[in-house]
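Every value quoted in this text rests on a predicted model; they were computed, and no experiment measured them. When a residue number appears, it is its place in the shown sequence, counting from 1.
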Amino acid sequence: LSQQEEAAFSLLDKVCQFHNFQAKFIYHSQAVQEQLEEVVEGTITVQDNQYRFVTADQEVVSNGETVWLYLKAASEIQINTHGPNQQTGLFWHWLKNYRRDYVLASFCSEQVDEQACHVVTLRAKEQDKHFPQVAITIEQATSCIKSLEVWDENNIQYSFFITNFDTNLVLD
């Protein structure tokens, strides 16, 4: 690894060492070609491969094997089982395997909301990956995630802007 790659991956190692986390976020997705845009606020709680994702419209819960999706407006529950190669559709899972699945595209420092931050941009090693590019912005002072941007294979950009990030919580 180059010095820049080692510095970026060491920073990500530090950020990813938490056992679990809870984050309040503003989620934004944008399909450039179709000019579609969506903005949603919510909370995500993750522990190992289990998670709970809550917005005003839906709640998604997974124990790592089964995913329960509750659509509030329809009072509908959908239940799915993850296969061994199935994408979860949730973007933080790349954090566990970034060294295996991605290479460094860029690593820089910039001011975000008047805070000094590092921005690490990664590209997938394999072109058929569901998320070919990922960028994570990390506050220099706290080493907390400030934002996570992901581009999928259809070039749709998904952004999570973290408004509150807590790690290593006591969760049941």
Side-chain angles (χ1 to χ4, degrees), residues 8-29 38-102 104 112 115 117-122 124-126 129-152 156-172:
F9 282 179
S10 292
L11 178 62
L12 289 176
D13 288 344
K14 183 176 181 180
V15 170
C16 297
Q17 70 184 351
F18 45 76
H19 175 66
N20 59 40
F21 70 88
Q22 184 172 61
K24 291 183 181 179
F25 62 86
I26 298 170
Y27 164 79
H28 180 260
S29 68
E38 178 182 19
V39 178
V40 176
E41 291 186 38
T43 303
I44 178 74
T45 305
V46 176
Q47 181 163 295
D48 301 321
N49 64 344
Q50 301 174 58
Y51 58 86
R52 182 173 182 220
F53 180 88
V54 180
T55 67
D57 298 336
Q58 67 180 359
E59 185 169 340
V60 182
V61 178
S62 175
N63 63 1
E65 296 175 16
T66 303
V67 177
W68 295 268
L69 168 62
Y70 173 53
L71 301 171
K72 295 176 182 178
S75 294
E76 177 181 320
I77 297 175
Q78 299 175 6
I79 302 172
N80 295 299
T81 304
H82 285 299
N85 296 321
Q86 187 176 7
Q87 290 289 337
T88 64
L90 299 170
F91 310 121
W92 52 88
H93 287 278
W94 75 271
L95 286 168
K96 294 194 182 243
N97 299 310
Y98 65 88
R99 280 192 183 255
R100 181 191 72 198
D101 297 336
Y102 291 86
L104 182 68
V112 178
Q115 296 175 327
C117 294
H118 293 293
V119 180
V120 179
T121 304
L122 304 172
K125 290 179 182 178
E126 299 174 17
K129 278 288 187 200
H130 188 62
F131 305 121
Q133 184 170 318
V134 177
I136 184 169
T137 302
I138 303 162
E139 291 181 32
Q140 288 182 12
T142 63
S143 294
C144 286
I145 298 170
K146 184 147 184 79
S147 69
L148 176 66
E149 297 177 87
V150 180
W151 291 262
D152 73 8
I156 297 174
Q157 180 181 358
Y158 304 92
S159 303
F160 287 89
F161 300 99
I162 309 301
T163 59
N164 187 22
F165 190 78
D166 294 315
T167 63
N168 298 322
L169 307 167
V170 177
L171 301 172
D172 59 14

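- Residue His28 comes nearest to Phe161 through the heavy atom pair CB-CE1, 4.2 Å, listed as atom of the first residue, atom of the second, then distance.
- Between Leu169 atom CG and Gln22 atom CD the span is 6.0 Å, to the nearest 0.5 Å.
- For Val15 against Ser143, the heavy-atom pair with the smallest separation is CG2-O, 3.4 Å.
- Looking at heavy atoms from C-beta onward, Glu126 lies out of side-chain contact with Asp101 at the 4.5 angstrom threshold.
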Could you tabulate the donor-acceptor pairs under 3.5 Å formed by side-chain atoms of residues 53-62, not counting sequence neighbours?
residue : atom : partner : partner atom : Å
Thr55   : OG1  : Asp57   : N            : 3.4
Thr55   : OG1  : Gln58   : N            : 3.2
Thr55   : OG1  : Gln58   : O            : 3.4
Glu59   : OE2  : Arg52   : NE           : 2.7
Glu59   : OE2  : Arg52   : NH2          : 2.9
Ser62   : OG   : Gly64   : N            : 3.0
Ser62   : OG   : Thr66   : O            : 3.2

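- Looking at Ile136 and Phe160, their side chains never come closer than 4.5 Å, going by heavy atoms from C-beta outward.
- The shortest distance between side-chain heavy atoms of Asn20 and Thr45 does not fall below 4.5 Å.
- Taking both residues in full, the closest heavy atoms of Asn63 and Trp68 are given as ND2-CH2, 3.7 Å, listed atom of the first, atom of the second, then distance.
- In plain terms, the two heavy atoms of Tyr102 and Lys125 that are nearest each other are O-CE, 3.5 Å.
- Considering every non-hydrogen atom in both Tyr98 and Leu12, the closest pair reads OH-C, 3.3 Å.
- With sequence neighbours left out, the side chain to side chain donor-acceptor pair (under 3.5 Å) criterion links Asp166 to no other residue.
- Residues satisfying the side chain to side chain contact (heavy atoms under 4.5 Å, CB included) criterion with Ala23, sequence neighbours excluded, are Phe21, Ile44, Ile162, Phe165.
- For Ser10, the side chain to side chain donor-acceptor pair (under 3.5 Å) criterion is met by Glu6, not counting sequence neighbours.
- For NZ of Lys24, the number of neighbouring non-hydrogen atoms (other residues, nucleotides, ligands) closer than 6.0 Å is 12 at most.
- Remark: Glu149 pairs with no residue by the salt bridge (Lys or Arg N to Asp or Glu O under 4.0 Å) rule, at least two apart or across chains.
- Partners of Glu41 according to the side chain to side chain contact (heavy atoms under 4.5 Å, CB included) rule, which considers only residues two or more places apart in sequence or in another chain, are Ile26.
- The distance from atom OG1 of Thr163 to atom CZ of Phe25, rounded to the nearest 0.5 Å, is 9.0 Å.
- Formation of a donor-acceptor pair under 3.5 Å by the Tyr27 side chain with backbone atoms of Glu38 is not found in this model.
- Under the side chain to side chain donor-acceptor pair (under 3.5 Å) criterion, Glu76 pairs with Gln78, not counting sequence neighbours.
- Looking at heavy atoms from C-beta onward, Asp13 lies in side-chain contact with Arg99 at the 4.5 angstrom threshold.
- With sequence neighbours excluded, the residues satisfying side chain to side chain contact (heavy atoms under 4.5 Å, CB included) with Thr137 are Val112, Cys117, Val119, Lys146, Ser147.
- For NZ of Lys14, the number of neighbouring non-hydrogen atoms (other residues, nucleotides, ligands) closer than 6.0 Å is 12 at most.
- For Ser75, the side chain to side chain contact (heavy atoms under 4.5 Å, CB included) partners two or more places apart in sequence, or in a different chain, are Tyr70.
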